[in-house]
Student: 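This is the structure I have questions about; it appears just below.
By convention in this document, chain letters (A, B, ...) are assigned in the order of the sequence lines, proteins followed by strands, and residues within each chain are numbered from 1.
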Amino acid sequence: MTDNAGNHASTGPLLDRADERVKHEAGVGGALRAFLDRVRSGDLGSLPVIVGLIIIWTVFQSLNPVFLSANNLVNLLFDCSTVGVIALGVVCVLMVGEIDLSVGSVSGFSSALVGVLWVNQGWPVVLAIVAALIVGALIGGLYSFLFNRFGMPSFVSTLAGLLAVLGLQLYLLGSTGSINLPYGSPLVNFGQMLVMPYWVSYALAALAGLVIFLAGYRTAMRRKEAGLSSQSLASLVLRAVVLIVILEFLAFYMNTDRGVPWMFGLFVGLVIAMHYAMTRTKWGRSLNAVGGNREAARRAGINVRRVYASAFVLCSTLAAAGGIMAAARLASASQQAGTGDVNLNAIAAAVIGGTSLFGGRGSAYSALLGIIVIQSIASGLTLLDLSSSLRYMITGAVLAIAVIVDSLARRSRVSHGRA
Amino acid sequence: MTDNAGNHASTGPLLDRADERVKHEAGVGGALRAFLDRVRSGDLGSLPVIVGLIIIWTVFQSLNPVFLSANNLVNLLFDCSTVGVIALGVVCVLMVGEIDLSVGSVSGFSSALVGVLWVNQGWPVVLAIVAALIVGALIGGLYSFLFNRFGMPSFVSTLAGLLAVLGLQLYLLGSTGSINLPYGSPLVNFGQMLVMPYWVSYALAALAGLVIFLAGYRTAMRRKEAGLSSQSLASLVLRAVVLIVILEFLAFYMNTDRGVPWMFGLFVGLVIAMHYAMTRTKWGRSLNAVGGNREAARRAGINVRRVYASAFVLCSTLAAAGGIMAAARLASASQQAGTGDVNLNAIAAAVIGGTSLFGGRGSAYSALLGIIVIQSIASGLTLLDLSSSLRYMITGAVLAIAVIVDSLARRSRVSHGRA
Amino acid sequence: MAEIAKETAREHEAVLSLRGVSKNFGAVSALTDIDLDVHAGEVVALVGDNGAGKSTLVKVLAGVHQPTSGTITFKGKPVTLSDPSAALGLGIATVFQDLALCENLDVVANIFLGRELEPLRLDEVSMEIRAWTLLNELSARIPSVREPVASLSGGQRQTVAIARSLLLDPKVILLDEPTAALGVAQTAEVLDLIERVRDRGLGVVMISHNMEDVRAVADRIVVLRLGRNNGIFYPDASNQELVSAITGASDNSVSRRAGRRRAMQQNSEEARP
Amino acid sequence: MAEIAKETAREHEAVLSLRGVSKNFGAVSALTDIDLDVHAGEVVALVGDNGAGKSTLVKVLAGVHQPTSGTITFKGKPVTLSDPSAALGLGIATVFQDLALCENLDVVANIFLGRELEPLRLDEVSMEIRAWTLLNELSARIPSVREPVASLSGGQRQTVAIARSLLLDPKVILLDEPTAALGVAQTAEVLDLIERVRDRGLGVVMISHNMEDVRAVADRIVVLRLGRNNGIFYPDASNQELVSAITGASDNSVSRRAGRRRAMQQNSEEARP
Amino acid sequence: QESTVKDATIAFLMPDQASTRYEEHDHPGFVAEMSKLCPSCKVLYQNADANVSRQQQQFNSVISQGAKVIVIDPVDSTAAASLVKQAQAQGIKVIAYDRPIPSTPADFYVSFDNKEIGKMIATSLVEHLKAEKVPTEDVGVLEVNGSPTDAAAGLIRDGIHEGLADSGYKTLAEYDTPDWAPPKAQQWVSGQITRFGKKIVGVVAANDGTGGAAIAAFKAAGVNPVPPVTGNDATIAGLQLIISGDQYNTINKPSEIVAAAAAQVAIQLLEGKTPKADTTLFDTPSQLFKPTLITAENLKAEIIDKQVNGKPIQTAETLCTGRYAEGCKKLGITE
Ligand SMILES: Nc1ncnc2c1ncn2[C@@H]1O[C@H](COP(=O)(O)OP(=O)(O)OP(=O)(O)O)[C@@H](O)[C@H]1O
Ligand SMILES: Nc1ncnc2c1ncn2[C@@H]1O[C@H](COP(=O)(O)OP(=O)(O)OP(=O)(O)O)[C@@H](O)[C@H]1O
Ligand SMILES: [Mg+2]
Ligand SMILES: [Mg+2]
């Protein structure tokens, strides 16, 4: 009702530091101490998954030194991108507490569509891609219609979609079985070999750090002005520098081989965009709210149906995009595309990365982290000569181990009352 | 604190009919009117699914009159039983809001185990079955350990289990690929041809009605004595008679062909037992409570971990049982057993039957109804000559249609404030 | 029931008025034939026994439930409140009894839910400042507005819910037991607040079981009983009167308890020398 | 702080006693160095501002949270309440502020949750009768005990939660704002009930923000402030005293409001002829 | 005859688990021959579990590990074209194994012919029916194909169609078994039994798993005798069903022979020689082996008595367990 915001900057404790029960730490040392505190209390964000990942990497590297070679890592980045984009869409539907079981089929169908339209029908490739994305969006629209209009559980509607869309895919490719995408065409190059020029990768790494720093600095200044606590300049600089060093090193290492794939760049770009959308826009807020408490969101005047619709549409569209990327990677649109474990891998990537199946908790980065875990396991195991039976067993075991770290951390978070 | 239960039977309104805002109906006419009221307000239990089923049946029957032939229905009953038993286990884990993605693998593995132990190693068949069930239970135990001890989301642990157990199955069958179970052995006979003698099927149908009547009558008497409202004798009799007539007719119709399979009898027996356990025992109450509000259940002194453990163990054990039944039906333990869509079908059956993925809502009958829906679609389509692509599309579409009825009913229930 | 002098000072047309509103849940009739008027600059207290239908009535007004029958008129025009955003759009802000907060979001996000500043680039700093201002106004003691609401105490949540409803510029505020979980200081602030918004010309509907609070701020007291209107009182009605309208009997547990206590006190006084 | 006569009538050893109990949630210290004694046949009221740590303390006693440090003694023996069933096992029954009911279960199932009659063949008839008896005792108006709790009103739920806690034969009852959502009649019944169980020799801890209720039934009033002990009072302490212990200042919104109201009343009285 | 090649890395990439042959026969056969030709060479084995992108991953991975020759049985013959291009661009030789890669010529192709297999089982069944004097009017056969998403299954299906085309027997109905899953095949065949009853005089099933499933369906429906059912892959289960008289035929592909040939070609390519080709298929120099059709008549001769790499394909002990002992005696496998 009143509107006397601003200008508390005078004296007394900061606006958000008035409660004497809360410990606060200031400066770089304080930030470090606060971090250790958080480690102890289990509030770690994605750290545990990263720890799990490092364990996996160490083990595989010691088993076969090719694993961490730049060449193999570049392959890993290529492979991550396709399912990763699908997983990113899955994060959206999981955020609202729903599921999409048909992402695999949709990805396969969209690759078939691109193959048919582009190669067989002679459409321009861009048009074919746009058409496939639109069809993907329409499928998502259909799910959201069934959900909003009839209240059909998404598990059932997307299961029906899984089957129906697979049928469509088989039908499209029926006479040919699979369609080879022309080798050397831009799309296939993009999926198979296009890497960033070295300077671009270095520049992007630096840019990331810079943006983080500037955004942080701007916020800190505004908060200070407004009488709120703010991060110290030193810790902002430290964070940005650490980030830049890590990214530059990674870029450098990849550049000793082919370099950073543009396809991975696209994936990371989408992840960052999605992260921004999920955390810094009204839409993202609504997504979180609907996932956390649908009725509360509705009572807050949020158009709940539209939020669901956006999640389903986004998921199917990204699935279609992932399918097109997979087709580019394979230089072929085949009947097998999208079948098998694509579905499960995409959903698992989101869940392993820390997105909850029950809605309201998750982040775009979980798709990135999760898919890297899954593909690392797959890639590590292809470097060992194993029979299929052993490979399955070990994949299962490694997956469990990778997630135990995260689960333990989350547990301790619960016992510290921060679940 | 006080203990003056009983003997309100004197005058005045019944103990549970004191609130003047609630409309109550009495007698047979009243029961009918109450039923119509419920239909109107959407509180229908499994009725909508049954309506969906009837629609499917009518359509398939009109497309191919063989569909409702006794012969085909007997096949349907056989086919329902195997995945149905697995779905029954899935209902348990869904009730506590968890999931088991590995039921397919576990079923395949247990069939492989029976094959190896019985056929290859020469164990007595009963011992082999018991061993497979125990191994199934142990797998469930492992999941519940990971869940209770490390808080690992069941989606991840059972996904890891899916892979690891599949590996075990391939390993077990590695050298042989698949193992034929001897034709003519009791297990294979059970899975392929054993049907109830006619008098048994008629007697069981009558018994069901009788038990329902007697239980209802006993409760009604006790309630009347205690001064609570109770069902009228007439409506009890009516219900029992209707039930008996329907069941006897079904038994009669099946008996015009081979008869009612014992395997289906086993399945229905398990469903009824599970229904009893879920609704009429303390364990079932705990299962519902944990699924509805884990923290509330914990605060009520329920040993939440034990409840989760029981759900996981039961699910895996039933999956193992289902696998053995599937092996008996196929007379073979193969590498493909349990792969493909067994997982999805089992979970979908539970969900289609009305069990919620989010815990706390569901019933054992949902496994029965759901699997009949799924198998009816599959069976109906095998009777039509369709290409694979069309078959997939139609399966998807029919599935969606079958569930729309239920979804609509549930929606109207929500809008009437009874979700 | 007494007339009060202030009456003339208020607008006579009701901002919100209900005629013959009923709401059934299956076989239960939660509301039957309810009439209610809320004028601008007036605090209407809605009282009644547990399960009398007060919250149901508020939910009908907030667009959460659709009435089974009856008409709702807002500023003289009949309206259908098909969903909460319709009610919010008309300027009806509500604090629900079950609070309806998103436990996974932090305090700031909850307060601004659905009306975030700058949709495409949330202005977190301004929102946080505004949130602190609102909360301080309500004397809330919240350790941090960046913790998820799940970690707040019952009273802290209620304060957040109240802060939410103040954000828009509503015409009518519906408060469903807004002070039930609040401490003495916070309750005093909220009662002050209610008087302030009333004086700014808003219509206020307040539900409370605390007769003292009701009498302190209400201009009119509407009693519901078993889903029906059961009389309108004014703040100077006696406790006895109100309670028997609420419970439907003059011999009720409240009067019995009061009687017993009086007797005991007399006894102990007599026993004293 | 006054002595009271009844003191001698009570056992002197505490059933439940806490020494130096602290509880941190991450960076927030919700409780710091709390001491508390509850004797048999005594009603201890726990009061404090919103977020003072009352519910946290009750949850520690109920085994829901584990204290970061400090000791709990039950009947002279130190105990660790590692989970709620441990506390229930000792005979500590609790009504939580957030009620902790299973919304998907019906009223009977909720009341009997965890202590169903006949585990292998639930005796629904006896349970239903018992449930009606308990609810009637609390003057609850619940349309049907066979509806899921989700469809009950706030006060009806609270009554269900209270009925739950009466089922076992506890030694100590912890009531976290038991009357917050209750109507006047139900509140009276619950206060009566508290007195009855106190007279049967149970220890009762009651949290409330309603000073009148507190004074009506409490034998001792323990004040928490920002997670610390802030004095022990007896029912005859003045409102002023209590409120300033709770808010930590004698100039607080309550007294300001009271002052304002007094001034207004005087004004209007003076204005009257 | 040890080769001059030393320390080379050779990859052997197999497509799936649909039958056990790859891990039980092809891989061991390849390794055995390789260790004869070049003991210091390293063989990398991978199985793609019927997943195209996994095969691509494995392909890239073996290149990272320095493979100079890659023997690949493609999951998807068409899609493998890009893999071949990619490898050849880096000077790595590719040998197509089992399934051809039509659109881009590999360096060599060794195989049994899948289409031929389909044709053989179908023709053999038709001949059997004709020999039994089963009339052609008003009756027909069922056709149970492999997975609709499996290219090899598509080839077999084409072969079966060819084999049935002029036989005079109608195809009553046909079915693509999802994931090659026997339970699906069983359910489908059960349905067809209800539909066509006695009209079904035979079943052409694309492998032993689906064939066994068809037999189970007939048995469960109480059909006696079971009409002749084909198979493929000569799995133990399939052979045992032939021994017990339930299954009519299967196909034996002594994969060891083909695998050994692939190993020889690989070494020759490494040595820089041009391996000898029988023929050219899809512009690829090819060596094609003829699979053997197994029925009860020649089971003993082809499976038990014939030696491949010094051992029989299956021994009497593995096959003639339990209830198959009697059948074994009848076929003269055991005394
Ligand atoms: N699980 C938790 N995680 C983090 N902080 C918590 C948690 N539970 C409680 N707190 C914090 O501890 C403090 C005390 O909370 P508590 O619920 O005990 O207050 P209370 O005295 O019961 O208040 P009220 O009168 O509002 O119910 C609050 O500041 C709250 O934010
Ligand atoms: N969604 C629902 N489904 C069925 N019955 C309901 C539903 N919501 C409310 N009721 C019933 O309607 C009646 C009125 O409930 P309501 O919540 O309006 O009461 P109230 O006056 O707010 O009570 P309290 O003072 O306890 O909050 C209750 O008997 C309740 O059982
Ligand atoms: Mg209410
Ligand atoms: Mg509290």
Student: Report which part of F96(C) has an atom under 4.5 Å of a heavy atom belonging to chain A: side chain, backbone, both, or neither.
Tutor: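 It is the side chain, since no backbone atom gets that close.
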Student: Can you tell which part of V145(C) gets under 4.5 Å to a heavy atom of chain A, answering side chain, backbone, both or neither?
Tutor: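 Contact with chain A: none, neither part.
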Student: With rounding to the nearest 0.5 Å, note down the distance linking CZ in R299(A) to CG in L113(C).
Tutor: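 Interatomic distance, R299(A) CZ to L113(C) CG, rounded to 0.5 Å: 13.0 Å.
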Student: Does R285(A) come within less than 4.0 Å of E118(C), counting only side-chain N to carboxylate O?
Tutor: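 Salt bridge between R285(A) and E118(C), a charged N being under 4.0 Å from a carboxylate O: no.
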Student: Indicate the atoms forming the closest heavy-atom contact of R222(A) with D123(C), along with that distance.
Tutor: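 Answer, listing the atom of R222(A) first, then D123(C): NH1-OD1, 3.0 Å.
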Student: Among T219(A), V290(A), N293(A), N303(A), single out the residue with the greatest number of heavy-atom pairs under 4.5 Å to chain C.
Tutor: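 Answer, by heavy-atom pair count under 4.5 Å with chain C: N293(A).
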Student: Taking atom OG1 of T281(A) and atom CG of L122(C), what is their separation to the nearest 0.5 Å?
Tutor: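 Atom-to-atom, T281(A):OG1 and L122(C):CG are 6.0 Å apart.
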Student: Select one option (side chain, backbone, both, neither) describing which atoms of A109(C) are under 4.5 Å from chain A's heavy atoms.
Tutor: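 For A109(C), heavy atoms of backbone and side chain both lie under 4.5 Å from chain A.
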Student: Does a sphere of radius 6.0 Å around CZ in F358(A) hold more than 12 heavy atoms from other residues, nucleotides or ligands, not counting ones at 6.0 Å or beyond?
Tutor: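 Atom CZ in F358(A) is packed in, count exceeds 12.
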Student: Using modelled atom types only, decide if a donor and an acceptor are shared between the side chain of N104(C) and the backbone of N288(A) within a distance under 3.5 Å.
Tutor: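 Side chain of N104(C) to backbone of N288(A), a donor-acceptor pair under 3.5 Å: yes, one is there.
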Student: Given a strict heavy-atom distance threshold of 4.5 Å, which part of D98(C) is in contact with chain A: side chain, backbone, both, or neither?
Tutor: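 Interface part for D98(C): side chain.
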Student: Is I142(C) close to chain A through its backbone or its side chain, or both, or neither, when contacts mean heavy atoms under 4.5 Å?
Tutor: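 The answer is the backbone of I142(C).
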Student: Could you tell me if the side chain of L120(C) sits less than 4.5 Å from the side chain of R280(A), heavy atoms only?
Tutor: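 Result no, sub-4.5 Å side-chain heavy-atom pair not found.
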Student: With distance as the sole criterion, is a donor-acceptor pair present between the side chains of S85(C) and R298(A) under 3.5 Å?
Tutor: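 Absent: no donor and acceptor within the cut-off.
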Student: Give the minimum heavy-atom separation between W132(C) and L228(A), together with the two atoms involved.
Tutor: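 Smallest interatomic distance, heavy atoms only, reads CD1-CD2, 3.7 Å.
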Student: Just verifying a value: how many Å separate E124(C) CD and T279(A) OG1, rounded to the nearest 0.5 Å?
Tutor: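 The OG1 atom of T279(A) is 8.5 Å from CD of E124(C), to the nearest 0.5 Å.
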Student: Who wins among A289(A), S286(A), A297(A), G284(A) for the most heavy-atom pairs under 4.5 Å with chain C?
Tutor: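 Ranked by heavy-atom pairs under 4.5 Å with chain C, first place is A289(A).
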Student: Could you tell me which of E128(C), R164(C), R146(C) has the largest number of non-hydrogen atom pairs under 4.5 Å with chain A?
Tutor: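 Among E128(C), R164(C), R146(C), the one with the most close pairs to chain A is E128(C).
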